[in-house]
Structures are given as structure tokens and as C-alpha cells.
There are 2 protein chains.
Amino acid sequence: MSHEDVNPGAAPTLDQARKQIARYGLEADPQAVLVAVRLMAAGARLDRASEVHFARSGLSTGRYRLLVDLEDGDGEKSPSQLAKSLGVSRATVTGLVAGLEREGLVARRASTEDGRGAVVVLTARGSRRLHDMAADHFARLEALVGGLAADERGLFLDLLERITQRIGALTAE
Amino acid sequence: MSHEDVNPGAAPTLDQARKQIARYGLEADPQAVLVAVRLMAAGARLDRASEVHFARSGLSTGRYRLLVDLEDGDGEKSPSQLAKSLGVSRATVTGLVAGLEREGLVARRASTEDGRGAVVVLTARGSRRLHDMAADHFARLEALVGGLAADERGLFLDLLERITQRIGALTAE
DNA sequence: CGGAAGTAATTAGCAAGCTAACTATTTGAT
DNA sequence: ATCAAATAGTTAGCTTGCTAATTACTTCCG
């Protein structure tokens, strides 16, 4: 065995990126590759941590986002609208709503205007759940970013935005 | 209906963050919250785009990472080591290896040193698959980050690192 | 106004992660 | 030397997301 610490879930290093690029005889910029890979890794880790975080309130990330989306609106929305604003498929919304309805955080009614449609309504219980979570939730979000000064946060937002705009490049063609 | 574009999978805005914080009567810094929420949203989107990207080569993100991890080493590793370095559970590795083995990209041997252990070996076919993907893959990673100048990339890496260090804060206690 | 095409929601079935439980082996402490 | 505890790997069962197919209703065109 060597002396390398295996370093669980390790963020990849610049050297690793360089080695890979060299191995394939490519011209890519190791630093650019590193940024992409690190962001992906961070995203995956954050996703999982987020699930754990929301699980404490008996929710999942998706369910929480759906509740917030309802509360941000007038408290009701169709599944299709929810799918669009959450950026998930309608099938996923069906599943999320089913779970939330089972817990009484949300109710479903048939639409009065469109015979095909449904309307998802935030219940008092759902609203209360959001309020109960709020203080802890926002405190944790702040803590996550607490290592950055205010101006650094603005900078980070800008840079992140400029990367996410190009996510399509991953799958384009 | 209002004039708001529903803006599919919309990144949340500073105003939305402000409104939420106000609704719950909290003191949180809207910009800090926005950074956290945007990063989470970006992570989720990137994750899904990444799956689509790797699916073109008949892989998933997890399977790709496992292959790369093998190639970065001496071409073989135990499932436990893989789990540690990939930051996933051993059960997940079992599943990934099963899939990769089915496609002949990887092979499994019993460990000679430890009667409980196994060794996962990258096959020639697995190695070839990585090479075949490399040019396109790295080009896309570069494109993702192409909106940032070299010094901005360094900056971004630094800021991202300082946030990811605190992911634990989301789930701590 | 009648039928084709489009849209809303759900259902079924898939992959990736997880935890918990189980088997087999090794380690280590008495 | 033995037996308990730790470790390696797998399995089973859960959740979240997806796509594709199904059903029901609207819309729109001729």
C-alpha cells in the first residue's frame, strides 16, 4: 500500500485532470476541465446533502421545492405549470403531489375551466410545514455560503450563471 | 394570466429569495440564500445533463466515473476502494460494476490476499471506450466553462471550494 | 359540426443512489 | 485456540427522477 490518503469522495485535482488529458493525447485546458468536473462533483454532493436536510422535515428536495413554488404563487397551480417552473417532467410532479397529498400538505381539485386539468392547492398544514422549517432552513443555507464575503457572493453568482447558461453544450447536437 | 414568462426550470431570483425571507419574518441575507439555492439548482441541472451526455456512450455518470477511477489507478481496485474514492456506498459500486461487467468494460476477480475481497479490473474494451469518448467529452467540458476567462476560472474554483467545504453545515447536528 | 391533432394527467417500467440486513472471512483479544 | 467484533461484498427494498404509453378532454380546421 502507498502513503496516499484515499480521501473519501475526493474532489479531483488539477494533476488528475492533466494526467487524463495527457493520456488521451488531447489539447484541453486542464483548469477548465477541472472546473467542470469539480462543479459536477459539488452538485452531486450538494444534492445528496440536500435530501438529508429536507428529510428531517419529512420532505424531499423535490417536495420542498414544489411547496415553495405553490406558496410563491397564489397557493395553487396546475401540475403542468408546476412541472414547468420546477423544471421537471409532469410525471415527476404527479409523484411529488401524490406524496404531498398523502401527508395532507397539498390538495388536488379538478380544474373548473379545463376538464382535463387539475389544480394543486397548498393546504394550511402545508403552509405551516414551510413556516416551521424556515428558520432552520435559511440559517443552514446562509451557513453554506458563510465562507464568502458579500462581494464574493455576487462574483460567484455571476460566474456560476455564466457556466449554467452553457449546460446545454454538454448535451447539444 | 400575467405577463410573467414561466421560464422553464427558472433559476430563482433575488426578489424571490427576499419575498420568502420576508414571508417568514427572518433576518437572512437574501443574496446568501440566493447563492445557495442557485448552486443547488445548477447542481441538479448539471447532474441530469451529465446523465444525458454519458448516455450517448452507453454509460451513466456513475459508470463513467468508476472507469476513470480504475484507469487513474493501475487499472484495478477493490469495490471498497472504489466506493471510497467515488464517494458512493459499496452497494452502489456493486450495481455499477454489475452493469459494467455485463458490457465487458470491467471484469471481477476474487482477491488473492483476502478471501472476502474482490478486485475490479478495467478491460481492454473498457479502456477503449474511455479513449473513444475522450475527445468529445473533454471538448464539452471545456465548452461548459468556455464563458470564463482563465483567471475567472481560478477564482471560481476557489469560491466553489470554500462553499463545498461547508456542505456539512446543511446536515450537521 | 365532426374528426384529427394537440394537451393534461396518470401509469408502468427503468436507472442510480441510499440504508439495513445477511453471508463469509479476517482480525484481535483473552 | 477460540470466539467476538470488524470488514468485504451482495441483496432487498426504498425514493427520485426519467421516458413512453394510455386515457381523457380541447381545439381547430374543413
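Owing to the predicted nature of the structure, the values given are computational and were not obtained by experimental measurement. Values below: every heavy atom of this structure, side chains too, minus hydrogens, waters and symmetry copies.
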For [X] and [N], is the shortest distance between a side-chain N/O and OP1 or OP2 below 4.0 Å?
| X | N | result |
| --- | --- | --- |
| A:R48 | C:dG17 | no |
| A:R108 | C:dA8 | no |
| B:S78 | D:dA8 | no |

Of all of residues 54-64 of chain A, which get a heavy atom below 4.0 angstrom from DNA chain C, listed by number?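 Correct list: empty, so none.
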
Taking DNA chain C as the partner, which of residues 91-98 of chain B come within under 4.0 angstrom of it by heavy atom?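 Within this stretch, B:A91, B:T92, B:L96 sit under 4.0 Å of the strand.
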
Kindly compute the distance separating CG (B:L86) from NZ (B:K77), expressed to the nearest 0.5 Å.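 Here the interatomic distance stands at 7.0 Å.
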
Rounded to whole Å, please give me the gap between [atom1] in [X] and [atom2] in [N].
| X | N | atom1 | atom2 | result |
| --- | --- | --- | --- | --- |
| B:K77 | D:dA8 | NZ | C1' | 16 Å |
| A:L86 | D:dC18 | CG | C1' | 15 Å |
| B:D47 | D:dC18 | CG | C1' | 13 Å |
| B:R45 | D:dG17 | CZ | P | 16 Å |
| B:E103 | C:dA15 | CD | P | 11 Å |
| B:K84 | D:dT7 | NZ | C1' | 10 Å |
| B:E51 | C:dA15 | CD | P | 12 Å |
| A:R102 | D:dC14 | CZ | P | 12 Å |

Any salt bridge linking A:R63 with A:E103? Criterion: basic side-chain nitrogen under 4.0 Å from a carboxylate oxygen. yes

Looking at five pairs on each end of the helix from C:dC1-D:dG30 to C:dT30-D:dA1, what is the angle between the two axes, given to 10 degrees?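 Overall, the helix from C:dC1-D:dG30 to C:dT30-D:dA1 bends by 10° from one end axis to the other.
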
Which residues pass the salt bridge (charged side-chain N to carboxylate O under 4.0 Å, His left out) test with B:R109, not counting sequence neighbours? B:E76

Which residues pass the salt bridge (charged side-chain N to carboxylate O under 4.0 Å, His left out) test with B:R116, sequence neighbours left out? B:D114

Residues that, via side-chain heavy atoms closer than 4.5 angstrom, fall in one hydrophobic cluster with B:V52: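 Same cluster as B:V52: nobody, lone residue.
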
Please write out which residues are connected to A:V121 in a hydrophobic cluster, directly or through intermediates, given that two of Ile, Leu, Val, Met, Phe, Trp, Tyr count as joined at side-chain heavy-atom separations below 4.5 angstrom. A:V119

Parallel, tilted or perpendicular: ring planes of A:F156 versus B:F156, cut at 30 and 60 degrees: parallel

For [X], which residues count as a side-chain hydrogen bond (donor to acceptor under 3.5 Å, both in side chains) partner, sequence neighbours excluded?
| X | answer |
| --- | --- |
| A:D47 | none |
| B:R38 | none |
| A:R153 | B:D29 |
| A:H137 | A:H53, A:Y64 |

Set out, line by line, the N/O atom pairs under 3.5 Å between protein and nucleotides 21-27 of chain C.
from, atom 1, to, atom 2, distance (Å)
C:dT26, OP1, B:G115, N, 2.8

Is any side-chain heavy atom of A:R162 less than 4.5 Å from a side-chain heavy atom of A:D158?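 Side chain of A:R162 against side chain of A:D158, heavy atoms only: contact under 4.5 Å found.
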
Candidate pair A:S60 and A:E51, rule side chain to side chain donor-acceptor pair (under 3.5 Å), full reasoning: CA-CA 6 Å; A:S60 66; A:E51 291 302 340; 4.5 Å; no

Candidate nucleotides C:dT19, D:dG9, D:dT19, ranked by approach to the side chain of A:S89 - the nearest: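 Shortest atom-to-atom distance from the side chain points to D:dT19.
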
Verify the neighbour count for atom CG of A:D151: are there more than 12 heavy atoms of other residues, nucleotides or ligands below 6.0 Å?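 Yes, enclosed.
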
